[in-house]
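Lettering of chains follows the sequences in order, A, B, ..., and the numbering in each one begins at 1.
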2 protein chains.
Amino acid sequence: MVSRKQHGQISDCPIALGLDSIGDHWSLLIVRDLLFGKHEFREFLDSDESISSNILTDRLGKLQEQGIVAWRYHPDSRKRKLYYLTCKGKDLIHVLVPLVRWALKYHGDEARIPPAQQAALASGPEGFIQATLAALEDWESAFEVDTKDAATRV
Amino acid sequence: MVSRKQHGQISDCPIALGLDSIGDHWSLLIVRDLLFGKHEFREFLDSDESISSNILTDRLGKLQEQGIVAWRYHPDSRKRKLYYLTCKGKDLIHVLVPLVRWALKYHGDEARIPPAQQAALASGPEGFIQATLAALEDWESAFEVDTKDAATRV
DNA sequence: CACTATACTTGCATTATGAAAGTAAAACCT
DNA sequence: AGGTTTTACTTTCATAATGCAAGTATAGTG
């Protein structure tokens with residue numbers, strides 16, 4: 001195990017509490033992948049940011065501990081796991097979208113958005129959120145996961 | 001100098017770019033302090049999270065490099081610096097507020113909010129943002145800082 | 001001109017990170 | 001059935017970031 005504490009519950013400020021959950025370099029990027037259609041270990045490894053497998057394992061574990069991520073076996077194979085966001089995890093879209101808007105406003109020249117999201121984004125922040133969550137719900141019913149139960153399967 | 005690169009520009013995803021600016025344990029907490037009336041080195045040191053002075057120096061430097069924070073001397077003394085948020089920095093309130101809402105929703109039992117913010121928060125997210133920014137602007141005109149110029153004074 | 005306050009810096013021990021290689025179990029392939 | 005491949009991790013080890021304590025430089029104070 002690489003590590004188990006993040007920042008270590010240093011204050012009762014909600015911002016500090018929030019950062020304690022997702023305020024590291026990788027957690028929000030994994031949440032992003034999960035929001036936009038990636039669900040397997042290998043898919044996260046293959047993202048542009050090229051996370052190491054040990055860090056990915058660690059962060060997936062922490063996100064599960066916090067009830068942000070859960071998983072089930074792939075229906076076709078017990079050697080594949082399908083990770084997905086719980087309600088708590090999906091709610092982070094309301095943090096991610098303002099972050100994207102800020103980054104586009106001030107670093108828009110360096111930023112590039114995958115074509116798949118371009119269209120949804122054109123409909124404004126609210127439309128983008130609705131479209132993204134609707135796509136996730138399609139996936140959830142296709143794979144029969146219920147994001148109401150935040151329980152971690154071990 | 002403790003460090004100069006954060007994550008190191010690993011992809012052109014706006015989320016990764018945003019995290020590169022503020023995705024560490026301390027930067028957003030400093031921005032929070034600056035949003036809510038703290039302006040001096042010692043005040044940041046005295047926050048509940050008890051940041052180390054070397055880390056504080058480092059992060060203030062990085063935030064200045066990125067045009068999120070600037071400073072001027074205290075009118076009463078050239079040995080005191082007054083740090084303040086640029087427009088780019090103040091805009092992060094639109095990221096912080098959703099983060100607070102998320103944390104309150106899922107960690108509300110552990111969270112505690114200073115009385116000063118309780119009232120403003122009661123008027124809803126938009127009212128809170130307006131009240132916070134209005135208070136900042138009062139400070140800015142009292143100390144004659146112009147947050148339109150993001151230039152770093154050295 | 002000593003004394004204090006502010007804003008850092010430095011040194012050093014501890015902890016986190018990252019790249020590469022290794023492993024265990026399931027599935028697939030003659 | 002037995003070897004190979006795939007998936008999801010673990011382990012190892014070098015490097016980088018962090019955190020505490022102590023030190024320094026400069027401005028202002030008595």
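Rounded to whole Å, atom P of C:dA7 lies 9 Å from atom CZ of B:Phe44. Between the CZ atom of B:Arg78 and the P atom of D:dA25 there is a distance of 18 Å, rounded to whole Å. D:dA27 atom P lies 19 Å from atom CZ of B:Arg42, rounded to whole Å. Separating the OH atom of B:Tyr73 from the P atom of C:dA5 is a distance of 20 Å, rounded to the nearest angstrom. Across the protein-nucleic acid pair, B:Arg80 atom CZ and D:dA25 atom P stand 23 Å apart, rounded to whole Å.
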Legend entry - Criterion side-chain contact (heavy atoms from CB on, under 4.5 Å) on B:Trp102 and B:His107, from CA distance to verdict: CA-CA 8 Å; B:Trp102 182 84; B:His107 300 271; 4.2 Å; yes
Inset, instruction - Kindly indicate, with the supporting measurements, whether the criterion side-chain contact (heavy atoms from CB on, under 4.5 Å) is fulfilled by A:Phe143 and A:Tyr84. - result: CA-CA 10 Å; A:Phe143 284 93; A:Tyr84 58 90; over 6 Å; no
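The shortest distance between the side-chain N/O atoms of A:Ser52 and the OP1/OP2 oxygens of C:dA19 is below 4.0 Å. In this model, the phosphate group of D:dA8 is not approached by any side-chain N or O of A:Trp71 to a distance below 4.0 Å at OP1 or OP2.
Contact annotation for A:Ser77: backbone-only contact, meaning every heavy-atom pair under 4.0 Å involves sugar-phosphate atoms and none involves a base.
Between C:dA20, C:dA7, C:dT17, one nucleotide has an atom nearer to the side chain of A:Asn54 than all others, and that is C:dA20.
Between the side chain of B:Lys79 and the base of D:dT26, no donor-acceptor pair of N or O atoms lies under 3.5 Å.
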